[in-house]
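Some notes on the structure that comes next.
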2 protein chains.
Amino acid sequence: MYQKKLPVELECGLHLFMEVMNGKWKISLIWCIYNGINRPGELQRRIPKASRRLLDTQLSQLVSHGIIAKTVFDQKPPKVTYELTPLGQTLIPVIESTARWGEMHRNELEQLIQTPDPLLR
Amino acid sequence: MYQKKLPVELECGLHLFMEVMNGKWKISLIWCIYNGINRPGELQRRIPKASRRLLDTQLSQLVSHGIIAKTVFDQKPPKVTYELTPLGQTLIPVIESTARWGEMHRNELEQLIQTPDPLLR
DNA sequence: TTTGATACGGCTGAATTTAGCCGTACTTGA
DNA sequence: TCAAGTACGGCTAAATTCAGCCGTATCAAA
């Protein structure tokens, strides 16, 4: 894994939140796990646009940040599940309120946020 | 400015929020401007760890995302101020609730979030 | 025996953000 | 005239994240 070289900014609580949520698919992962989709293969099928590799990476970051817990069943074929930790559960209402803000202002925002011009690709 | 080449994920409201808040110093900038520190030079002095260059860049992103507004006074020497737009104001309570979450769990999080090892630098 | 499902990890290069250098122009005050 | 303050922008390299390739292993069913 990549080892950070620059200091992380943690003075403010919002930075802590951002540090945890930062990662293209983490939000989707947390939401899926919260809704009971908790096995790696299932998650991969739910989020097909992300590569398996990257989902694995982000899952393990969430584990190391204490948001989700990983359980490995000692059986053949192997089985793995993820669950929200108590800390992860406290995140749900915050995510909901933040998502509500986004939805509320979706119209304004979509026009303002720069999207890559499909003609250039 | 850099032109995005990969599509932006905007399905979920939280992604909209992240898209706007994403940038190392944007949170600090919004918070300063909200508290009346609204001239480029002042902001620079309040956030000395960030380069002037980067603050400029992130300020202009916030402007283009409609969160803050820039006013240029036509005088010599030039004078510029930033203010929160109505959309930017709606962000404040969301930021507060998110920051509250971070503060509440600061102890747990600080131990879990990977910090660069000072011995390696 | 081959195929498909389970799960995991190394590696490379593209895309993107951040850091930090340089220089422009104007005005006021020492 | 010279320094210091105002604001702005080009450019390069470092740091970081993302995309996608390859390969490992086990087991069940076709």
Side-chain angles (χ1 to χ4, degrees), chain A residues 1-9 15 18-29 37-45 47-65 70-82 113-117 120-121, chain B residues 1-9 15 18-29 37-45 47-65 70-82 113-117 120-121:
Chain A
M1 272 288 270
Y2 194 86
Q3 187 73 25
K4 275 186 191 295
K5 290 175 188 164
L6 296 172
V8 182
E9 297 296 329
H15 276 117
M18 299 291 277
E19 184 68 21
V20 167
M21 299 305 279
N22 186 358
K24 193 163 180 175
W25 305 102
K26 284 187 189 169
I27 301 166
S28 310
L29 288 172
I37 301 168
N38 54 4
R39 300 198 48 197
E42 285 184 280
L43 290 166
Q44 168 77 73
R45 279 188 292 277
I47 313 176
K49 279 186 288 186
S51 70
R52 179 192 56 75
R53 192 72 184 86
L54 188 50
L55 287 187
D56 277 0
T57 308
Q58 303 207 341
L59 281 168
S60 74
Q61 282 172 13
L62 288 171
V63 170
S64 80
H65 285 173
K70 176 177 183 174
T71 310
V72 181
F73 293 87
D74 186 17
Q75 62 181 45
K76 301 299 174 81
K79 177 179 169 183
V80 171
T81 67
Y82 292 98
I113 292 179
Q114 170 200 34
T115 308
D117 186 339
L120 295 179
R121 279 183 287 150
Chain B
M1 275 287 272
Y2 196 85
Q3 186 72 24
K4 278 188 191 292
K5 289 174 186 163
L6 296 173
V8 183
E9 298 295 329
H15 276 118
M18 299 290 278
E19 184 67 21
V20 167
M21 299 304 281
N22 186 358
K24 192 161 179 177
W25 305 102
K26 285 186 188 169
I27 302 166
S28 310
L29 287 172
I37 302 170
N38 54 3
R39 301 198 48 194
E42 285 183 281
L43 290 165
Q44 168 79 72
R45 277 188 293 276
I47 314 175
K49 278 186 289 185
S51 70
R52 179 193 56 75
R53 192 72 184 86
L54 188 49
L55 287 186
D56 276 0
T57 308
Q58 303 206 341
L59 281 167
S60 76
Q61 283 172 13
L62 287 171
V63 169
S64 82
H65 286 173
K70 176 178 182 174
T71 310
V72 181
F73 293 86
D74 186 18
Q75 61 181 49
K76 302 298 172 87
K79 176 179 168 181
V80 172
T81 66
Y82 293 97
I113 292 179
Q114 172 200 33
T115 308
D117 187 340
L120 295 180
R121 281 182 286 149

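Quick note on labels: first sequence line is chain A, next is B, and so on, each numbered from 1. Quantities reported herein were computed from a predicted structural model and do not represent experimental measurements. Because only heavy atoms are used, hydrogens play no part in the values below, and waters and symmetry mates are left out as well, while side chains stay in.
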* To do: Quick one: label A:Gln58 by what it contacts on the DNA or RNA (base, sugar-phosphate, nothing), any heavy atom closer than 4.0 Å.
  => sugar-phosphate
In whole angstroms, the gap separating P of C:dC11 from CG of A:Asp56 amounts to 17 Å
To the nearest angstrom, the CD-P distance between A:Gln44 and D:dA19 comes to 12 Å
A:Asn22 atom CG is separated from D:dT17 atom C1', nearest whole Å, by 9 Å
Taken in chain and number order and not counting sequence neighbours, the residues that satisfy side-chain hydrogen bond (donor to acceptor under 3.5 Å, both in side chains) with B:Arg52 are B:Asp56
Distances for protein N/O vs nucleotides 4-7 of chain D N/O pairs under 3.5 angstrom?
unit_1	atom_1	unit_2	atom_2	d
D:dT6	O3'	B:Arg39	NH2	3.3
D:dA7	OP1	B:Arg39	NH2	3.1
D:dA7	OP2	B:Gly41	N	3.3

Sorted by chain and residue number, the side-chain contact (heavy atoms from CB on, under 4.5 Å) partners of B:Ser64 (sequence neighbours excluded) come out as none
Out of C:dG10, D:dG9, C:dC8, minimum distance to the side chain of B:Arg53 belongs to D:dG9
Do B:Thr81 and B:Lys79 touch side chain to side chain, with heavy atoms closer than 4.5 Å? yes
In this structure, CE of B:Met18 is separated from NZ of A:Lys24 (nearest 0.5 Å) by 13.0 Å
Taken to the nearest whole Å, CG/A:Leu59 to P/C:dG9 is 12 Å
In whole angstroms, the gap separating P of D:dT17 from CE of A:Met21 amounts to 16 Å
Task: Audit row: A:Arg53, A:Thr57, side chain to side chain contact (heavy atoms under 4.5 Å, CB included) steps and yes/no - done: CA-CA 6 Å; A:Arg53 192 72 184 86; A:Thr57 308; 3.6 Å; yes
For A:Val80, the side-chain contact (heavy atoms from CB on, under 4.5 Å) test, sequence neighbours excluded, returns A:Pro40, A:Lys70, A:Val72, A:Tyr82
Closest of D:dC8, D:dA19, C:dA19 to the A:Lys24 side chain is D:dA19
